[in-house]
A.B. asks: 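One structure, as structure tokens, below. Some questions next.
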Number of protein chains: 2
Amino acid sequence: MNYYVCLHQEGISSISKLIHKAHANNYNVVATSINANMLPMDPLPTDPTYPATLLSAVEWNSKMIFMLSDVDVDSPNEKLRQYSKEALLRDITWAEHLQNNGSVMVRLRGPNNDNLADIIKTKAKGNWFVHVPITNPELTTFEHRQDASESDIEQAQAVDPWSWWNNLRFAINHHPKVKVVLELSDSDRPTRENVRRWLGEPIEAIIIPSSLFVRNRNNYYVLLKEWQVIIGHFISVRANIIISTNPNDNAISQYADYAKKLINDNSDTHALNNYENMLEIPLQPLCDNLDSYTYEIFETDPVKYKLYQEAVKQALLDHVSDNEAKRKKIVVMVLGGGRGPLARAVFNAAQLTNSKVRVYIIEKNPSAIRTLSNMVKTLWSKQDVHIFSKDMREFQPPELADILVSELLGSFGDNELSPECLDGALKLLKPNGISIPCKSTSYMNPLMSAVLHNNVSQLTGTVPAFNCGYVALLKNVYHIDEPQALFEFIHPNRAAKVDNTRDMELHFKAVSDCVLNGVGGYFDTQLYKDIVLSINPLTHTPGMFSWFPMFFPIHPHKIKAGDRISFKFRRCVDKEKVWYEWQLTAPELGDVHNVGGKGYNMKLG
Amino acid sequence: MNYYVCLHQEGISSISKLIHKAHANNYNVVATSINANMLPMDPLPTDPTYPATLLSAVEWNSKMIFMLSDVDVDSPNEKLRQYSKEALLRDITWAEHLQNNGSVMVRLRGPNNDNLADIIKTKAKGNWFVHVPITNPELTTFEHRQDASESDIEQAQAVDPWSWWNNLRFAINHHPKVKVVLELSDSDRPTRENVRRWLGEPIEAIIIPSSLFVRNRNNYYVLLKEWQVIIGHFISVRANIIISTNPNDNAISQYADYAKKLINDNSDTHALNNYENMLEIPLQPLCDNLDSYTYEIFETDPVKYKLYQEAVKQALLDHVSDNEAKRKKIVVMVLGGGRGPLARAVFNAAQLTNSKVRVYIIEKNPSAIRTLSNMVKTLWSKQDVHIFSKDMREFQPPELADILVSELLGSFGDNELSPECLDGALKLLKPNGISIPCKSTSYMNPLMSAVLHNNVSQLTGTVPAFNCGYVALLKNVYHIDEPQALFEFIHPNRAAKVDNTRDMELHFKAVSDCVLNGVGGYFDTQLYKDIVLSINPLTHTPGMFSWFPMFFPIHPHKIKAGDRISFKFRRCVDKEKVWYEWQLTAPELGDVHNVGGKGYNMKLG
């Protein structure tokens, strides 16, 4: 992940000198007014501020963020409005000339930006950065005003610049090239909730005014702990940093170093970075055979198989100390053996408990069987292990199992059809046998995520995108409320008539105004007794990365603070397939998504 | 451009050892049978040759080319055919398991490959490399046969492995993931024409058998000059190199070093590499304003403006030595001034000839005017220079010009509407005035290019792709015949009634069987007297890169050696636009492409 640290200065004498200075002080990019001057401001087309030949095309594109003229194209004053529009269009023409794929920044001055939206929609050649204060800028003026009453301050606090952005976002129809640059202010620290909500937005960068820095005991410029935490959150969702200061500031290299340290401390650098916010079609291991790449990723999880091993260990101990004799072999069946990680956990557990085990590995993927067969001949040549190239639902065992071990769980628990597979494997298990896992529960919560919404929208040409569920490493996300339990499945399920359909309505509450873009899906599973794997954000198993959450999209829905948000979720089953249907039921009734599994379903065969 | 050098060996003891050995000897990739063995050949699914865990998924994908079993799925013997199909599908399943985006290679054994084509069409997950001998492999056996008659040899020479590939290509419907790997043979060197034709195919790599190497005086392994030239041609179209040898060969590092030297000597490394075979929509500078990036590329051409300067210099000398007095200023108008390169050429020419010039620069792009204005104030502050922000067709000059200088030419000469612009600027020129350029001519020839065809096909979803003309840096191209002159335009055109429509039919001849994919378009222009710019491949101005050729596609058409190929080409004009229509007229009558300019046209306003 490459971040940039950008130096923003106005009133400079030369763009090339600014770039040179920024580079010498450890900045990658500069931001300055597009009318930055060698000659006086406000040029006519024929009265240039600087020639295009000042920098190379690559430099214009990669080193410069252009601040467009700070004019009001939505002014109620027609003359001012007209002048502003001309000035802005002139700036944009010049920016488009200099940058064929660059970045321009425009400042929001208030809630009304319809004319600005019209301009952005027709002129989005490169990237548009929309500059928004993180709290109402008026609040900053009260510091210096004796006459402000409590009610003045309260009124100003009610002005929410997020809503300025939100209006604009709808007016430009969620344009994917438009991103937010958030400006922090030294006079007013945003609330935790304010910050959390912004994390669901497409944040390009945050502007840190140099006035936010304070000197520490060693006379170095640093940020207060509270600011570090806030900025850290934005860095973790890949926001870049813009330091805004004046041309005479001598501490700019300290700011840059400090910003780089913050980036270093707060940016995740795990190997799965590339998957952030990406939408993936969920695996269907029952009808598609997994490839080596997929097995390899799962096998490298540092936590999952340790917990499986621990679960098998405890089950063996419980089972052996039962009425069974110590010398009798315990039959363990691994359902879906893959390239061997579960079997390895079983052998380890047997060794640690001094148990004798006979292991049957059932695997339907003939390519995985090749690797398993090799392991039997080499690594496991002294084990009592038997491989069967079969679908577990059709497997006829030579004997019944004391313990079944499987890892058929998907991101949403049951979405890789573990209930159906394990029900089909029930006949393999002794009446007093154990299933690992023994329970799985899915969870869901409402989410705001402009980035996920854009990613879904981009698929609409090729798939019924709003009727699909996706696997996604959620990053730019605002959790509107906490996850709640949805469906539960118990294994072994010895019910006379097994029913794996489910139907549930869950109710959530919004703390702030926001936009609802869909539902996050998670699961936890009880392997054995108190040994649990979880990807529920509230209880996530530390260090485990085998499963990303799911995301079920809906079309954007404006939500007010205090609104109740309700969702109906159904798990439907017919002879060929299993599918989910989801529907917003409050604050308004939405469409039922994925009716009949037409967008997305899990094949049973 | 990154090439790889691959080591191909069979009968090896272990894949990981092969990779290790290859790496230690300077190879990036290895190729070997997918059934390469630690255990005996021909495994059953349950009898593995090696486990998937032998290499990481990244290594399987990036370090391995799998040779599929050399079986005959198109055998006339049904039993053999059935066995072959099973073996091949088994190999493919295993390859797809190990590589999620890797490369498999299959050898063509003869002209009939319909069953193979069916398999490839349904199983193209990664890349398919089709292994073809560059000449008939039977020819090699004659060396050792006493009994071969002249007619046997002639018959074998008539067998053309290119046609094996060509049949397969049509059977798989030009699948873009299928590429050719050509094997050279030590017993038979291909003709120049054979090599030239292969350059129009999607060549992934060439296989050099180690037996092709000979020892030089210093006892180093080298290739004969003739082979160097042949391989150099393939490298220039980005073919990689596979060295094929046996596991006991001790000279493998010499081969790799030699291959890298050949790559180094024969690979173009100009800055525009990324444009090879890419289709670009031609610029329309008359209705769109160019950006700085585009100007910058043109300005860096090391040849073009030198020739312009030379042309202006000679024109000034001729004009001054006329009846004009030495002290009189010569009026030069630059039509389309851009960011100043033509004006610079004029000032240089004036200085070199000691002439006095007054320069009017006419430019319609207001952003370019900014840079020009800055240049007037700085670089040219002592020159007699005047800038006009105007369309040249509407410009009212304060006086008439002695010399008009323009560079309005596109890749096809007239396709950026230089005829219409210069006709419109005729009123600016004195009756005895000079136009630089004074003539331009377009050229065309028939081309085979599988890569360009695939690139056009990929656009069909979004644009009327076979009715567009494209600008393209032609690389993987076979010139079926030499270019011929098409349309000519003279400037100034003082005809009473100017007609810039054109209509022409040209006739070519095919030397070899091939596939016609479209027409290449080029131009040359006479700037002044004998000073010419050309992108006609036969006369290309050395070192000039401002213009790439054009490509006008047609749907693939099989051509026989000796066929006459005829094309009709029309330049059409109406009030709003100019467009081309093209049509194959022999050996068969094809559709008229781009009727009425519906796919692609040049706007006049």
Side-chain angles (χ1 to χ4, degrees), chain A residues 38-39 43-61 90 93-102 125-126 288-297 299-300 338-341 365-379 387-389 461-462, chain B residues 38-39 43-61 90 92-102 125-126 289-297 299-300 338-341 365-379 387-389 461-462:
Chain A
M38 295 181 294
L39 295 170
L44 299 170
T46 51
D47 184 19
T49 53
Y50 48 88
T53 44
L54 188 68
L55 299 181
S56 74
V58 168
E59 288 172 315
W60 286 126
N61 274 301
R90 178 205 61 195
T93 301
W94 185 226
E96 286 191 338
H97 178 69
L98 298 178
Q99 303 183 318
N100 59 337
N101 190 25
K125 188 182 173 198
D288 299 331
N289 285 322
L290 300 186
D291 62 26
S292 228
Y293 175 76
T294 310
Y295 285 125
E296 183 178 296
I297 287 185
E299 288 163 17
T300 52
R339 306 198 311 183
N365 179 350
S367 295
I369 290 286
R370 285 196 178 200
T371 297
L372 285 171
S373 303
N374 179 278
M375 285 176 170
V376 165
K377 289 188 184 170
T378 54
L379 289 176
I387 297 173
F388 295 90
S389 185
T462 47
Chain B
M38 296 180 294
L39 297 170
L44 300 170
T46 52
D47 184 19
T49 52
Y50 48 87
T53 44
L54 188 70
L55 299 181
S56 73
V58 168
E59 288 172 317
W60 286 127
N61 275 300
R90 179 204 61 195
I92 294 168
T93 301
W94 184 228
E96 285 191 340
H97 178 69
L98 298 178
Q99 303 184 318
N100 60 337
N101 190 24
K125 188 181 172 200
N289 284 323
L290 300 187
D291 62 26
S292 228
Y293 174 75
T294 310
Y295 284 126
E296 184 177 294
I297 287 185
E299 288 164 16
T300 50
R339 306 198 310 182
N365 180 350
S367 295
I369 290 287
R370 285 196 178 199
T371 298
L372 285 171
S373 302
N374 179 279
M375 286 176 169
V376 165
K377 289 186 186 171
T378 54
L379 290 176
I387 296 173
F388 296 89
S389 185
T462 45

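In the text below, chain A, chain B and the rest are named by the order of the sequence lines, each starting its count at 1.
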A.B. asks: Ring centres of B/His97 and A/Tyr295 under 6.0 Å apart?
C.D. replies: yes
A.B. asks: Between A/Glu296 and B/Ser56, is there a side-chain heavy-atom distance shorter than 4.5 Å?
C.D. replies: yes
A.B. asks: Under 4.5 Å from any heavy atom of chain B, what part of A/Asn101 do you find: side chain, backbone, both or neither?
C.D. replies: neither
A.B. asks: Does CZ in A/Phe388 sit with more than 12 non-hydrogen atoms of other residues, nucleotides or ligands closer than 6.0 Å?
C.D. replies: yes
A.B. asks: Measuring from A/Trp60:CH2 to B/Asp291:CG, what's the distance to the nearest 0.5 Å?
C.D. replies: 13.0 Å
A.B. asks: Heavy-atom pairs under 4.5 Å with chain A - which of B/Ala57, B/Ala368, B/Ser367 has more of them than the others?
C.D. replies: B/Ser367
A.B. asks: Please classify the contact of A/Leu290 with chain B as side chain, backbone, both or neither, using a heavy-atom distance under 4.5 Å.
C.D. replies: backbone
A.B. asks: Do the non-hydrogen side-chain atoms of A/Met375 and B/Thr53 ever get within less than 4.5 Å of each other?
C.D. replies: yes
A.B. asks: Contact part of B/Ile297 toward chain A, heavy-atom cut-off under 4.5 Å: side chain, backbone, both or neither?
C.D. replies: neither
A.B. asks: Using side-chain heavy atoms (C-beta onward) and a distance below 4.5 Å, is A/Leu98 in contact with B/Arg370?
C.D. replies: no
A.B. asks: Under a 4.5 Å heavy-atom cut-off, does chain A meet the side chain of B/Asn61, its backbone, both or neither?
C.D. replies: neither
A.B. asks: To the nearest 0.5 Å, what is the distance between CG (A/Leu54) and OG1 (B/Thr371)?
C.D. replies: 9.5 Å
A.B. asks: Can you list the residues that meet the salt bridge (charged side-chain N to carboxylate O under 4.0 Å, His left out) rule with A/Glu59, with sequence neighbours excluded?
C.D. replies: none
A.B. asks: Checking A/Asn289 against chain B: side chain, backbone, both or neither under 4.5 Å from a heavy atom?
C.D. replies: neither
